[in-house]
2 protein chains.
Amino acid sequence: MKNVVTAKDVAKLAGVSQSSVSRVYFEGANVSEKTRKKVLAAAEELGYRPNEFARSLITNRTKIIGLVMKGVQNPFYPQVLQQFTASFKKWGYSVLFVHTNNDEIQKEDIETLLNYNVAGVVITDATMALSAAEAFRSNEIPLVLFNRKLKTGEFYTVCCNNLSASRQIAEYLIGKGGGDMVYIAGNENTSTSREREAGFRETLERNQVAYRKYASDFTYEGGYATTLKVLEGKKVPSAFFAANDIMALGALDALRQHSIRVPEDTKIIGFDNIDMASWPAYELTTWEQPIEKMVEETVNYLLSEIDEYSGLIKTVEVDGSLIERKTT
Amino acid sequence: MKNVVTAKDVAKLAGVSQSSVSRVYFEGANVSEKTRKKVLAAAEELGYRPNEFARSLITNRTKIIGLVMKGVQNPFYPQVLQQFTASFKKWGYSVLFVHTNNDEIQKEDIETLLNYNVAGVVITDATMALSAAEAFRSNEIPLVLFNRKLKTGEFYTVCCNNLSASRQIAEYLIGKGGGDMVYIAGNENTSTSREREAGFRETLERNQVAYRKYASDFTYEGGYATTLKVLEGKKVPSAFFAANDIMALGALDALRQHSIRVPEDTKIIGFDNIDMASWPAYELTTWEQPIEKMVEETVNYLLSEIDEYSGLIKTVEVDGSLIERKTT
DNA sequence: TTCCATTTTGAATACGTATTCAAAAAACGA
DNA sequence: TCGTTTTTTGAATACGTATTCAAAATGGAA
């Protein structure tokens with residue numbers, strides 16, 4: 001009962017060969033306008049759609065991009081997901097979605113991607129063992145780490161210019177006055193948290209501003225709990241910089257809990273510019289990650305590598321910008 | 001240079017036929033333990049992975065589920081996405097992710113799903129033309145509408161028991177006292193908003209409680225703006241029921257904007273129980289949608305239909321429960 | 001018209017697997 | 001041991017498409 005309309009059926013109805021039908025659906029092939037019309041008419045009548053699997057089998061290519069995500073719970077990622085799918089769709093690619101709970105993408109998931117012979121892979125917020133990457137390299141499948149950096153020279157990476165951003169954030173907060181600042185870190189094994197820390201710390205030290213770092217985990221609850229811990233000390237710091245927005249919101253709520261006024265008694269700044277940051281309840285000052293540009297960079301690279309594989313390794317850092325609201 | 005290890009190569013190394021190699025990887029086929037071991041050893045040595053496309057071509061089946069989502073911007077949906085992928089993975093299925101901006105899934109996307117001959121389809125928060133559904137039916141591809149209802153008898157539907165929930169919500173609010181209540185509706189063309197309205201209104205009317213409905217759009221900004229409009233009237237209603245949490249949060253912020261105390265001056269209740277509802281800044285009373293159960297129902301149905309297609313049409317309504325916090 | 005260059009076409013083949021079918025091997029019962 | 005049933009095996013084929021290659025058709029120049 002299944003869909004049985006094949007190129008052969010169309011060929012018969014149109015009075016041409018199967019090859020000609022194939023050529024009509026294959027971009028760049030030579031077909032006369034006459035047969036093209038005949039074929040399309042017959043195809044329309046029968047409801048023909050080329051079988052992607054037969055196609056991929058013979059071309060050894062697919063129109064599928066593997067998109068691996070970690071931490072969908074962060075409101076930042078739905079946007080990323082949406083933009084990727086929209087962008088890939090424009091180029092005729094579909095998205096095979098893989099969710100991983102681990103920091104490092106698992107063997108199982110890698111095999112899925114390889115089994116489906118994906119045309120390219122995007123890994124957001126997670127990393128990958130070098131040995132696993134080798135499997136993609138040897139199959140000439142281009143790969144991008146999105147928003148995660150490993151040692152340079154190992155992966156093509158697209159992320160925000162965290163170092164420059166956190167320096168500017170530090171300078172901005174210094175400009176607002178106050179002598180001691182707190183960095184609320186995300187998971188320590190992420191390049192994003194480490195880099196944001198580095199730029200922030202370095203700039204504060206150069207300006208002789210006292211600096212404390214508190215470990216946290218990129219979650220709202222983490223930001224909340226960590227801030228409560230900060231407040232156990234006697235003195236309220238002059239400013240907080242949280243490694244992402246959602247922690248900043250948690251921090252803000254913790255401060256309110258203690259009736260500490262923001263921005264009068266202390267200031268707080270986040271990172272990402274998620275939707276919630278602009279909500280009246282928060283009005284969070286933050287650093288906008290230029291998702292569109294980051295996605296664009298990623299897609300462009302993948303498409304060019306799909307077109308002709310070079311194995312190019314590079315780190316692309318896209319600049320974001322400060323969004324000033326009412327918490328600083 | 002691409003992955004060239006085929007079943008034939010493995011067969012040669014193992015000293016068996018290609019058929020035997022195939023049988024090792026095909027569940028339920030007859031192979032002696034001896035050849036299985038030989039084959040697996042050879043496969044391991046060569047790094048063999050069966051080609052999914054060749055496989056699908058001949059079996060006319062895939063291990064791919066099409067997951068269509070609308071409105072990824074609602075924090076409710078990342079959870080849904082994650083649970084679906086996790087659940088399908090357990091059964092060996094991968095997820096082809098399709099994002100649609102329209103209420104009704106577009107022809108383009110439907111063709112993608114058909115081209116990849118997906119084993120089943122989940123449509124969350126969107127609907128589909130009956131004619132499009134026919135394409136799936138005729139190909140015996142099972143389909144589930146998740147969290148959206150159309151006329152019964154047309155689709156297999158899994159959603160929350162909105163009617164019963166909204167009745168209980170009305171009774172709960174009546175129990176809290178107060179004489180006039182406002183319903184903040186979501187998009188009017190969604191069954192979820194209409195059903196939640198129906199149960200709420202009906203119960204209020206039966207109890208002779210004044211009722212007003214305000215149109216909105218399921219977004220935070222919508223909930224905020226709509227509430228401001230409600231407050232233009234002289235009297236603050238005794239309670240608000242918002243069709244989803246994110247609107248309820250917007251409403252709450254709008255109330256605070258006007259220094260109206262919750263729950264003293266008015267009460268508010270949402271729907272979904274998204275993570276943010278429990279944040280200290282909000283502490284929103286809401287109705288929990290039992291996502292796990294809904295996902296489980298969906299997956300079970302799809303798997304059984306994949307196993308043997310029956311075309312069964314049914315509406316499954318899963319009960320949720322009231323989560324009482326500090327806004328009522 | 002004829003000849004040559006170019007474009008278009010169809011027959012045949014390949015892609016990597018599952019599956020049929022008959023043959024071979026193994027297991028079993030006596 | 002032999003005969004019979006059951007299990008396992010390999011050769012051949014099919015899935016639906018893209019692609020090669022030679023043949024056919026077309027177009028243009030003379």
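Hydrogens, waters and symmetry mates are skipped; everything else that's a heavy atom, side chains included, is used. In what follows, chains carry the letters A, B, and so on, assigned in the order in which the sequence lines appear, proteins first and then strands, with residues in each chain numbered from 1.
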Using a 6.0 Å cut-off, check whether atom NZ of A/Lys293 has over 12 heavy atoms from anything other than its own residue. no
Report the distance from atom CG of B/Asn30 to atom C1' of C/dA26, rounded to the nearest whole Å. 13 Å
To the nearest Å, how far apart are B/Lys8 NZ and D/dA11 P? 11 Å
Rounded to whole Å, CZ of B/Arg55 lies from C1' of C/dG16 at a distance of 11 Å
Rounded to whole Å, how long is the line connecting atom NZ of B/Lys12 with atom P of D/dG10? 15 Å
From CD of A/Gln18 across to P of C/dA14 the rounded distance in Å is 15 Å
Keeping the roles fixed (side chain from B/Asn187, backbone from B/Asn189), state whether a donor-acceptor pair exists under 3.5 Å. no
Between A/Arg49 and B/Leu114 (side chain of the first, backbone of the second, donor and acceptor by atom type, cut-off under 3.5 Å), is there such a pair? yes
Say whether A/Thr192 and A/Arg148, considering side chains only, have a donor N or O and an acceptor N or O under 3.5 Å apart. yes
Does D/dG10 have OP1 or OP2 sitting under 4.0 Å from an N or O in the side chain of B/Ser20? yes
Answer yes or no: is there a donor N or O on one side and an acceptor on the other, between the side chain of A/Gln106 and the main chain of A/Glu104, under 3.5 Å? yes
Let's see if you can work this out: which of D/dT9, C/dA18, D/dA18 has an atom nearest to the side-chain heavy atoms of A/Thr59? D/dA18
Check whether any side-chain N or O of B/Thr35 sits under 4.0 Å from OP1 or OP2 of D/dT9, and answer yes or no. yes
Can you measure B/Ile58 atom CD1 to C/dT17 atom C1' for me and round it to whole angstrom units? 6 Å
Determine the contact category for A/Ser22: base if any of its heavy atoms lies under 4.0 Å from a base atom, sugar-phosphate if only primed atoms, P, OP1 or OP2 are that close, otherwise nothing. base
Taking for each residue the nucleotide of DNA chain D with the nearest heavy atom, is it B/Val16 or A/Phe53 whose nucleotide lies nearer the 5' end? B/Val16
How is B/Ser19 classified with respect to the nucleic acid when contacts are heavy atoms under 4.0 Å: base, sugar-phosphate, or nothing? base
Keeping the roles fixed (side chain from B/Tyr301, backbone from B/Leu312), state whether a donor-acceptor pair exists under 3.5 Å. yes
Just by distance, do the side chain of B/Asp9 and the backbone of B/Thr6 share a donor-acceptor pair under 3.5 Å? yes
Remember a base hit wins even if backbone is also touched, and classify A/Thr6 as base, sugar-phosphate or nothing at under 4.0 Å, heavy atoms. sugar-phosphate
Separation of atom CZ in A/Arg49 from atom C1' in D/dG16, rounded to whole Å: 13 Å
Round to a whole Å and report the spacing from CZ of A/Arg23 to P of D/dA18. 11 Å
Pair pattern of DNA chain D in dot-bracket, where unpaired bases get dots and | marks partners in another strand, Watson-Crick or G-U under 3.5 angstrom: ||||||||||||||||||||||||||||||
